[in-house]
Amino acid sequence: MTFDPTLLSSLVLAATGFAAAFFAALWLSLIIWTYRDIRRRARDPLARILAVLVVAVLFLPGMLAYFIRRPPKTLEEACQQTLEEEALL
């Protein structure tokens with residue numbers, strides 16, 4: 001059995017291409033998910049833009065920062081809680 005360096009080179013190239021495509025798809029999906037999530041949690045347009053920019057620029061550390069700083073409840077949950085509190089009064 002002979003060793004063919006061109007085969008190894010093409011396998012490494014294909015693996016690199018698949019890895020790059022995976023990380024590009026992950027990056028894009030995290031940006032889209034962040035945009036959709038912050039839209040449900042904040043009304044402030046500046047907060048929306050900054051959340052998406054942090055994730056777009058910093059990728060995984062930006063996602064961690066977003067998870068730490070995002071509002072704990074959606075706007076709908078906050079409204080429901082307010083209505084429940086008013087009904088109890």
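Here the structure is a predicted model, which is why all the values come from computation and not from measurement. Note that the numbering runs from 1 along the sequence shown for the chain. Just so it is clear, the values below take in all heavy atoms, side chains as well, and ignore hydrogens, waters and symmetry mates.
- Between Val54 and Ala65, the shortest heavy-atom contact is CG1-CB, 4.4 Å.
- With Ser9 contributing its side chain and Pro5 its backbone, the two residues share no donor-acceptor pair below 3.5 Å.
- Listed for the Glu86 side chain is no donor-acceptor partner under 3.5 Å among the backbone atoms of Leu83.
- What you find for Trp27 and Val55 is that their closest heavy atoms are NE1-O, 4.1 Å.
- Contact annotation: the side chain of Arg40 never approaches that of Leu75 to less than 4.5 Å [non-hydrogen atoms, C-beta and beyond].
- At a threshold of 4.5 Å between side-chain heavy atoms, the hydrophobic network of Ile, Leu, Val, Met, Phe, Trp and Tyr places Ile68 and Leu58 in two separate groups.
- Arg36 meets the side-chain contact (heavy atoms from CB on, under 4.5 Å) test with Ile32, Arg39; sequence neighbours excluded.
- For the pair Cys79 and Thr74, the minimum side-chain heavy-atom distance is 4.5 Å or more.
- The closest side-chain heavy-atom distance from Tyr66 to Ile38 is below 4.5 Å.
- Under a hydrophobic-cluster definition in which Ile, Leu, Val, Met, Phe, Trp and Tyr are linked whenever side-chain heavy atoms come within less than 4.5 Å, directly or via other members, Trp33 and Phe23 are assigned to the same cluster.
- What you find for Leu26 and Phe59 is that their closest heavy atoms are CD2-CZ, 3.8 Å.
- Minimum interatomic distance between Leu60 and Leu30 (heavy atoms only, all atoms of both residues): CD2-CD1, 3.9 Å.
- Arg41 pairs with exactly one of Arg48, Glu76, Arg70 by the side chain to side chain contact (heavy atoms under 4.5 Å, CB included) rule, that one being Arg70.
- Criterion: ILVMFWY side-chain heavy atoms under 4.5 Å apart, direct or through other members. Under it, Met63 and Ile31 are part of a common hydrophobic cluster.
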